[in-house]
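Read the structure below first, then the notes.
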Amino acid sequence: MKKIFLALIISFAFAVCSFGSTYFQQGVSLFNKKNYQAARATFSKAIDINNYDLSSRYYYAVCCVRLGEKERAISEFHTIIRMDPDSYAASMSKKALISLDPNGFYRPVNSSSSQYDSYINNAVTSNGMYVRWDRTKPIRVYVDPANTTIENTNEVKQAVKQWAKALKGTADVILVYSKQSADIVVVFSRKTFEITKTHHTLGTTLPQYTSNRLLRLSKVELSTMSPSGKVYSPVFIYNTALHELGHALGIWGHSQNKSDIMYAYADENYRRSLSARDIRTIKLLYQNPANITNTSNTSANVATKLNKKRINTKVEEALNYLKKNPTSVNAHKHLGSVYMGMGDYDNAIIVYKRVIILNPKDDQSYFILGYLYFKKKDTQNAIVYYKKAVDLKPAKVEYTVVLVERYISAKRYNEARAALENLYRLNPDAKKNPMIARFQVFLDFVTIFKK
Ligand SMILES: [Zn+2]
């Protein structure tokens, strides 16, 4: 494998701007000296300048392999394939993935089996229903220009067009210029979202339907600012909108495949696009009868019978994948997220505890465990797990926010203060976070009050 990596790399060094190519050359030189740490840092600079510099991205991933960071390398190779599936870098990334992750997800593209060609079984609600808009009339999307820039509004419109293209021939998705006539309304918000919802921290989607199962409106809310007060880039807004619009159109669950836009966790800062699986899933959803839709005379009742079957399939699929990949952290996380989505917190806890046995440094899973115990109203355990997430990522504002919130609710003020002090020491900017600031004011008040 090592030989292949070295031989191909120079050959696909193509068009990058001058700074980027300087970094690229420096990186290659460091790489050849086997200084992978420094090489990786240099390729990272090249990628910052040009996100589409696939040569640097490929080298970056190989550096991760050499540094023993297999998971990260796998994720990077997937990224390259997703960015330009027909490129030489992608074809080499596929080869690398097959040897790095032989049971991994990379099968779908080459495989003739249709089992993983879509994630339609994950597109149902937690009680197994298909929710989507009536495909016999145009689906109307309104993007509210308030609270944001024209650039961001245009990004969202681009995301709408991506889904329209994916559904072409199956359903029409159109942009409208009035809130009143819209099925889906996208609004921008300067507030940051609840961080306890491990995903959707950048946007939320709330479909509304009546008691007699009539879909009325889907409201997508996009945050323009991170919980730590950072303003999101237009590309970030685009990616988030693309994901949230998938929910608004009817994909209720998440894909377990990182290359799909509907994968639950996203922190990429390059422009993403819909994968072949995303497109197949939305098409399948719109070709199937719906349980909940915006016209009443549909085949909803026929579909209801399928609900139980679908929800079982969703768990079954996750269990099957786990059976095939018993040591895969991602397979466990996927199953855990399915249980969590169904509100089955007990099973979710069992699964996420296995994740931390497999990877004791998985801060995200400790964080989720904290959340699961919080949902079960077990503050004691919620604190234990949130604390572990904070111990692993002490400078991460989001983690300390939830921990301090739990401490305050348990009236453990001294520990809350200590946690804040610890965060300030590592991340002085954290004081600017509105939640942190609010906690500080509250704790100061408690202190004064005691005196
Ligand atoms: Zn989502």
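In listed order, ligands and their atoms are each counted from 1.
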query = Quick one: does NZ or CZ of Arg271 land under 6.0 Å from the six-membered ring centre of Tyr238, within 45 degrees of the ring axis?
reply =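 Cation-pi check for Arg271 and Tyr238: passes.
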Please find the N/O/S atom of [X] nearest to the Zn ion (ligand 1) and write down its name.
X	answer
His243	NE2
His247	NE2
His254	NE2

request  = Would you confirm whether Arg272, through its side chain, and Asp260, through its main-chain N or O, come within 3.5 Å as a donor-acceptor pair?
outcome  =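 Yes; at least one donor-acceptor contact below 3.5 Å.
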query = Passes ring pair (Phe, Tyr, Trp, His ring centres under 6.0 Å), Tyr385 versus Phe367? Steps please.
reply = CA-CA 6 Å; Tyr385 285 96; Phe367 181 75; over 10 Å; no
ask   = With the threshold set at 4.0 Å, does a side-chain nitrogen-carboxylate oxygen contact exist between Arg40 and Glu69?
value =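 Salt bridge: yes.
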